[in-house]
Amino acid sequence: MSSLREAAMLADMARPHIAAVLEDAWHGQLNGVLQARGWIPRVIAHTGYGSSTFVRVLARVVLSRHTLDSDETRADDTTRTVLAPPRERRGWRAFITAQATGVDVEVTIDGVTHRTHTDRSGYVDLTVVDHGLAPGWHEVTVTPSGGRPQDVAVVIIGDEVRHGIVSDIDDTVMITVLPRMFIAAWNTFVRHEQARHIVPGMAPLYRDLLSSHPGAPIFYLSTGAWNTAPTLTRFLSRHGYPLGPLLLTDWGPTNTGWFRSGQEHKRENLHRLAREFPDIQWILVGDDGQHDPKIYGSFAQDRPDVVRAIAIRELTPAEQVLSHGLPVSNEEFGPRVVHGEVPVVRAGDGYGLQLKLDRILSRHGGE
């Protein structure tokens, strides 16, 4: 009987959630109509990454009536300098897309072509081993069936690299006062992308931390939607933040429910980076507006060998109210995670964090 129950449980897990079924049916009908009207697949590039043993290529394929829209397809290009400021765009435009589901895709890396296909949301997430790329920035080519090829940036991290940064985005590098529903909707969907504000001192902090370690990476890990990647990349570039891959999530239904778990997304990606780069020690940077202290603290308990330090930007009382409705951090309402041997610093901006990190890091081997 137990084996029958286990088989039934596995069957339930494999069965798509009704939300995913409805979403797939809608997009299937929409894609059929758009393709009949001559819309073709178009690639939106996201920055990938890798080591000497693997490279992870990230992109999204959508249907478009335009053969090329440089403002979108090159918006996440981290290998080129923006010579002119991009036109202002309201955030809602990034979410009005028709994802190309199940499209055959060719990915060409160093002259070798690999074949894959888009997932149910139009994303390409392909890991290739033995890629032959040297450390540094490169471009690979992604070509959807029936569409034009598009260059996608990837950064290969050298085997000698021992330090790196993982940074949150919302209320850590940019002030977004998330996730209060109406304020979040206004900031994400209505306001122009250039109306967002930086957190003082964070860009100089990151540049300083990376300057002593050539080739050290920075990853921007956020619960934000992949649709916002072009906007976020332009924001980071405009305000002098170091270039690095974005690790975002796909809003909407999954095979298990109506919404994805942002906390689980962060935990999974932290552990993935630890597995992919076991010799790198990370400085984890976040804020106390939501769950970063808890997530980082739990990860540090699990993997103290790969966490060099934790830096938490403290929100002002007003920002705390906008973030979750109360003028104090969420940490005040639960036990703080004990970090053990991993040092933790806190300050209201990047300048304060830098002073404290400098003391901590010099005491533990220095920059």
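Model, not experiment: these values are computed from the prediction. Along the sequence shown, residues are numbered consecutively beginning with 1.
- A donor-acceptor pair under 3.5 Å is formed between the side chain of Arg60 and the backbone N or O of Ser121.
- At least one donor-acceptor pair closer than 3.5 Å links the side chain of Thr233 to the backbone N or O of Ala229.
- In terms of heavy atoms, Gly240 sits closest to Ala203 at O-CB, 3.8 Å.
- Evaluation of the ring pair (Phe, Tyr, Trp, His ring centres under 6.0 Å) rule for His271 yields Phe299 as partners, not counting sequence neighbours.
- Under the rule for a salt bridge (charged side-chain N to carboxylate O under 4.0 Å, His left out), Glu268 has no partner lying at least two apart in sequence or in another chain.
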Test log, rule side chain to side chain contact (heavy atoms under 4.5 Å, CB included), inputs Leu58 and Val124: CA-CA 6 Å; Leu58 301 170; Val124 175; over 6 Å; no

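- Annotation for Asn227 and Pro230: closest pair O-CD, 3.6 Å, computed over non-hydrogen atoms.
- Residues Ile156 and His131 have side chains in contact (heavy-atom distance under 4.5 Å, counting atoms from C-beta outward).
- Considering only heavy atoms from C-beta on, Asp168 stays 4.5 Å or farther from Leu221 through its side chain.
- The closest donor-acceptor contact from the side chain of Thr101 to the backbone of Arg120 lies under 3.5 Å.
- Contact check for Ile165 versus Phe219: no side-chain heavy atoms found under the 4.5 Å cut-off.
- For Thr127, there are no side chain to side chain donor-acceptor pair (under 3.5 Å) partners, not counting sequence neighbours.
- With 3.5 Å as the limit, one finds no donor-acceptor pair spanning the side chains of Thr223 and Thr249.
- Remark: Asp159 engages Ser52 in a side chain to side chain donor-acceptor pair (under 3.5 Å) (not counting sequence neighbours).
- Between Leu248 and Ala225 the shortest heavy-atom distance is CD1-O, 3.5 Å.
- Summarising the geometry, atom CZ belonging to Arg308 is positioned 9.5 Å from atom CG belonging to Leu357; distances are rounded to the nearest 0.5 Å.
- Listed by chain and number, the residues in a salt bridge (charged side-chain N to carboxylate O under 4.0 Å, His left out) with Arg115 are Glu106 (sequence neighbours excluded).
- In this structure a side-chain-to-backbone donor-acceptor pair under 3.5 Å is present from Lys356 to Arg346.
- For the pair Asp110 and His138, the minimum side-chain heavy-atom distance is 4.5 Å or more.
- Sorted by first and then second residue, the pairs that involve residues 44-56 and meet salt bridge (Lys or Arg N to Asp or Glu O under 4.0 Å), not counting sequence neighbours, are Arg56-Asp125.
- Considering every non-hydrogen atom in both Leu246 and Trp226, the closest pair reads O-CH2, 3.0 Å.
- Contacts of Ala216 classified as side-chain contact (heavy atoms from CB on, under 4.5 Å), with partners at least two apart in sequence or in another chain: Val161, Leu210, His213.
- Val140 places none of its side-chain heavy atoms less than 4.5 Å from the side chain of Asp151.
- Judged by distance alone, the side chain of Ser222 and the main-chain N or O of Gly224 form a donor-acceptor pair under 3.5 Å.
- Residues satisfying the side chain to side chain donor-acceptor pair (under 3.5 Å) test with Ser167, not counting sequence neighbours, are Tyr206.
- The line from CD of Gln301 to CD of Glu341 is 11.0 Å long, rounded to the nearest 0.5 Å.
- Connection of Val306 to Phe54 is established within a shared hydrophobic cluster, with ILVMFWY side chains joined at heavy-atom distances below 4.5 Å, either directly or through further cluster members.
- Between atom CZ of residue Arg234 and atom OG1 of residue Thr228 there is a gap of 10.5 Å, rounded to the nearest 0.5 Å.
- For Ser51, the side chain to side chain donor-acceptor pair (under 3.5 Å) partners at least two apart in sequence or on another chain are Thr53.
- Taking the side chain as every heavy atom from C-beta outward, Val285 and Val173 never approach each other to under 4.5 Å.
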With a cut-off of 3.5 Å and sequence neighbours excluded, list every side-chain donor-acceptor pair involving residues 276-283.
from, atom 1, to, atom 2, distance (Å)
Glu276, OE1, Tyr49, OH, 2.9
Glu276, OE2, Tyr49, OH, 3.4
Glu276, OE2, Arg272, NE, 2.8
Gln281, NE2, Asp305, O, 3.3

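- Judged by distance alone, with hydrogens and angles left aside, the side-chain atoms of Asp119 form a donor-acceptor pair with the main-chain N or O of Tyr123 at under 3.5 Å.
- Contact annotation: the side chain of Leu284 never approaches that of Asp292 to less than 4.5 Å [non-hydrogen atoms, C-beta and beyond].
- Taking each heavy atom of Ile40 and Gly146 in turn, the nearest pair found is CB-O, 3.9 Å.
- Thr141 has its side chain out of reach of Gln150: every pair of non-hydrogen atoms, C-beta onward, lies at least 4.5 Å apart.
- Residues satisfying the side-chain contact (heavy atoms from CB on, under 4.5 Å) criterion with His117, sequence neighbours excluded, are Asp104.
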Derivation and outcome, side chain to side chain contact (heavy atoms under 4.5 Å, CB included), residues Val128 and Val107: CA-CA 10 Å; Val128 176; Val107 178; 5.8 Å; no

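- In this structure a side-chain-to-backbone donor-acceptor pair under 3.5 Å is missing from Tyr241 to Arg207.
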Steps toward side chain to side chain contact (heavy atoms under 4.5 Å, CB included) verdict (Val105, Val142): CA-CA 7 Å; Val105 175; Val142 176; 3.5 Å; yes

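- In this structure, CG in Leu353 is found 8.5 Å from CD1 in Ile312, a value given to the nearest 0.5 Å.
- Checked by atom type and distance alone, the side chain of Asp208 never pairs as donor or acceptor with a backbone atom of Pro204 at under 3.5 Å.
- A distance-only check finds a donor-acceptor pair linking the side chain of Thr118 to the backbone of Ala100 [under 3.5 Å].
- The structure places CG of Leu236 at 8.5 Å from CG of Leu243, a figure rounded to the nearest 0.5 Å.
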Worked check of side chain to side chain contact (heavy atoms under 4.5 Å, CB included) between Val199 and Arg313: CA-CA 9 Å; Val199 175; Arg313 186 234 163 188; 3.8 Å; yes

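- Atoms CG and NE2, from Leu270 and His265 in turn, are 9.0 Å apart once rounded to the nearest 0.5 Å.
- The minimum heavy-atom distance linking Ile157 with Gly215 is given by the pair CG2-O, 4.2 Å.
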